[in-house]
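A quick write-up on the structure given underneath.
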Amino acid sequence: MHKIFKEAVKITNYNIILTIPLIIFVKILDLYSLYSRYHVDSTPKFILASITVLFMFAVFCASWFYMVKGAIDLSKKVFVLDEDRAKATLNLFKTIPDGISKFFLPFVGVYIIFILIQVFATPLVSMIGVKVIGSLDAVSMQHLQQITIDSSLTTPEGMAEFINSLTPEQIIFFGKWSLLFMFFTSLIMYLLLLWIPEIVYSTPNPIVALWRGLCKLFKDFFVSVRLYLALWFLGFILLFINTFALINPIAYIVMSILLFYFSVYFVIVIFLYYDKTFVELENHEDD
């Protein structure tokens, strides 16, 4: 597993251009979300905005994950000159139309299935939380609702003011709920770990890919758990540091760059693990 993390660093550095589509997509999505917040004021507009986000997601994922697979394939080739490697890396952009044509519909299915997972999982987790942790009393709930409708909570200062307004009991209560949702979110993300590589490498059917990904995940359970936990802790540390970087513009910019880099690295680690554990193994067995 150590070799996978080490090799993934090299692949990420050689293919740092993978951050460009990711940054563009995130910024476009942020702008569209901001636009929708002030202009989506009816059900038809909401439906249209949801479909637009769905198509944006499918186009980006189909093209970007196909580029990631191309980067993994490039890492297996030997380049005599750095210029040849740089040219081959830039040619990854030429694979964008192929990725969209092959995987647009599968990622539409991924989006819909993921929404359905959230729809079914959220009430279940909430029900477990009420039984294990409990629910707020009526007075505290009313106080919370009055605070959360304040638009100033979207700023770091507003969030700090919100936290200061809570009683120690409420802080502990919300802390327990946060841990509960974080645990179940992490569990679901682990179960979906090999879903995307399975689609890109094996089958475009998102339902079949989900099942096969789960089977392969538990087939190599101990390695996949260690891999996921290592990535989870790295991401948690970066996000924790990022919360303190909000108070300094330069630190915020640096952390934003690191988070985009880590996002690319995270995906490359998973794709590289899938390629080495399942694709190369299957090819070797076929030979």
Residues, nucleotides or ligands: over 12 heavy atoms within 6.0 Å of [X] [atom1]:
X: I207; atom1: CD1; answer: no
X: M182; atom1: CE; answer: yes
X: L124; atom1: CG; answer: yes
X: K176; atom1: NZ; answer: no
X: Y35; atom1: OH; answer: no
X: Y32; atom1: OH; answer: yes

**Request:** Would you mind checking if D275 and K76 are paired as a salt bridge, meaning a charged N to carboxylate O distance below 4.0 Å?
**Result:**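 Yes, charged N to carboxylate O under 4.0 Å.
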**Asked** Between K69 and D73, is there a salt bridge with N-O shorter than 4.0 Å?
**Response**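 A salt bridge is present here (some side-chain N lies under 4.0 Å from a carboxylate O).
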Would a distance-only check, ignoring hydrogens and angles, find a side-chain to backbone donor-acceptor pair under 3.5 Å from [X] to [Y]?
X: S101; Y: D98; answer: yes
X: N205; Y: V208; answer: yes
X: Y261; Y: I16; answer: no
X: S224; Y: L217; answer: yes

**Message:** So, using side chain to side chain donor-acceptor pair (under 3.5 Å) as the criterion, who are the partners of W211 when residues are at least two apart?
**Reply:**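 Result, side chain to side chain donor-acceptor pair (under 3.5 Å) vs W211: none returned.
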So which heavy atom on [X] is nearest to which on [Y], and how close?
X: I113; Y: P206; value: CD1-CB, 4.0 Å
X: W64; Y: L18; value: NE1-O, 2.8 Å
X: S63; Y: I96; value: CB-CG2, 3.6 Å
X: F271; Y: I72; value: CB-CG1, 4.1 Å
X: V269; Y: A8; value: CG2-CB, 3.5 Å
X: L180; Y: G129; value: CD2-CA, 3.3 Å

**Asked** Are the aromatic rings of F278 and Y201 close, with centres under 6.0 Å apart?
**Response**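 Aromatic pair excluded; centres sit 6.0 Å or further apart.
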**Asked** Can you tell if the side chain of D220 reaches within under 4.5 Å of the side chain of K216, non-hydrogen atoms only?
**Response**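 Not in contact.
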**Message:** With heavy-atom distances below 4.5 Å as the criterion, would you say the side chains of C61 and Y111 are in contact?
**Reply:**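 Heavy-atom side-chain distance check fails, nothing below 4.5 Å.
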**Message:** Given S75, which partner from the list I11, N15, I268 fulfils the side-chain contact (heavy atoms from CB on, under 4.5 Å) test?
**Reply:**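 That would be I11.
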**side chain to side chain contact (heavy atoms under 4.5 Å, CB included) evaluation trace for V68 with V200** = CA-CA 10 Å; V68 172; V200 177; over 6 Å; no
**Request:** Specify whether F60 and F25 have parallel, tilted or perpendicular ring planes, treating 30° as the upper limit for parallel and 60° as the lower limit for perpendicular.
**Result:**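 Parallel.
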**Message:** Quick one, K276 with E7, criterion side chain to side chain contact (heavy atoms under 4.5 Å, CB included). Give me CA distance, side-chain angles, the key distance, then yes/no.
**Reply:** CA-CA 11 Å; K276 287 185 174 296; E7 187 175 347; 3.0 Å; yes
Look up atom [atom1] in [X] and atom [atom2] in [Y], then write down how far apart they are to the nearest 0.5 Å.
X: H2; Y: I4; atom1: NE2; atom2: CD1; answer: 11.5 Å
X: K102; Y: I199; atom1: NZ; atom2: CD1; answer: 14.5 Å
X: L187; Y: L192; atom1: CG; atom2: CG; answer: 9.5 Å
X: I270; Y: L193; atom1: CD1; atom2: CG; answer: 4.5 Å
X: Q118; Y: T185; atom1: CD; atom2: OG1; answer: 8.5 Å
X: L227; Y: T277; atom1: CG; atom2: OG1; answer: 8.5 Å

Kindly work out whether a path of hydrophobic side-chain contacts (I/L/V/M/F/W/Y, heavy atoms less than 4.5 Å apart) joins [X] to [Y].
X: V223; Y: Y274; value: yes
X: F260; Y: I253; value: no
X: M127; Y: V130; value: yes
X: I20; Y: L258; value: yes
X: L34; Y: I23; value: no

**Item:** Derivation and outcome, side chain to side chain contact (heavy atoms under 4.5 Å, CB included), residues L74 and Y14
**Value:** CA-CA 10 Å; L74 280 180; Y14 283 140; over 6 Å; no
**CA sep, side-chain torsions, deciding dist, call: L191, L210, side chain to side chain contact (heavy atoms under 4.5 Å, CB included)** = CA-CA 9 Å; L191 296 176; L210 178 59; over 6 Å; no
**Item:** Identified ring-ring contact (aromatic ring centres under 6.0 Å, His included) counterpart of Y190 within the set Y228, W232, F183
**Value:**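 Of the listed options, the one satisfying the test is Y228.
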**Request:** Applying ring-ring contact (aromatic ring centres under 6.0 Å, His included) between F107 and each of F65, Y66, F114, W195, report the one that passes.
**Result:**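 Exactly one option meets the ring-ring contact (aromatic ring centres under 6.0 Å, His included) with F107, and it is F65.
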**Request:** Test side-chain hydrogen bond (donor to acceptor under 3.5 Å, both in side chains) on Y252 and N242 and set out the steps.
**Result:** CA-CA 7 Å; Y252 177 75; N242 186 59; over 6 Å; no
**Asked** Does a donor on one side chain and an acceptor on the other come within less than 3.5 Å for S202 and E198?
**Response**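 Looking only at side-chain atoms, E198 and S202 do form a donor-acceptor pair, the distance falling under 3.5 Å.
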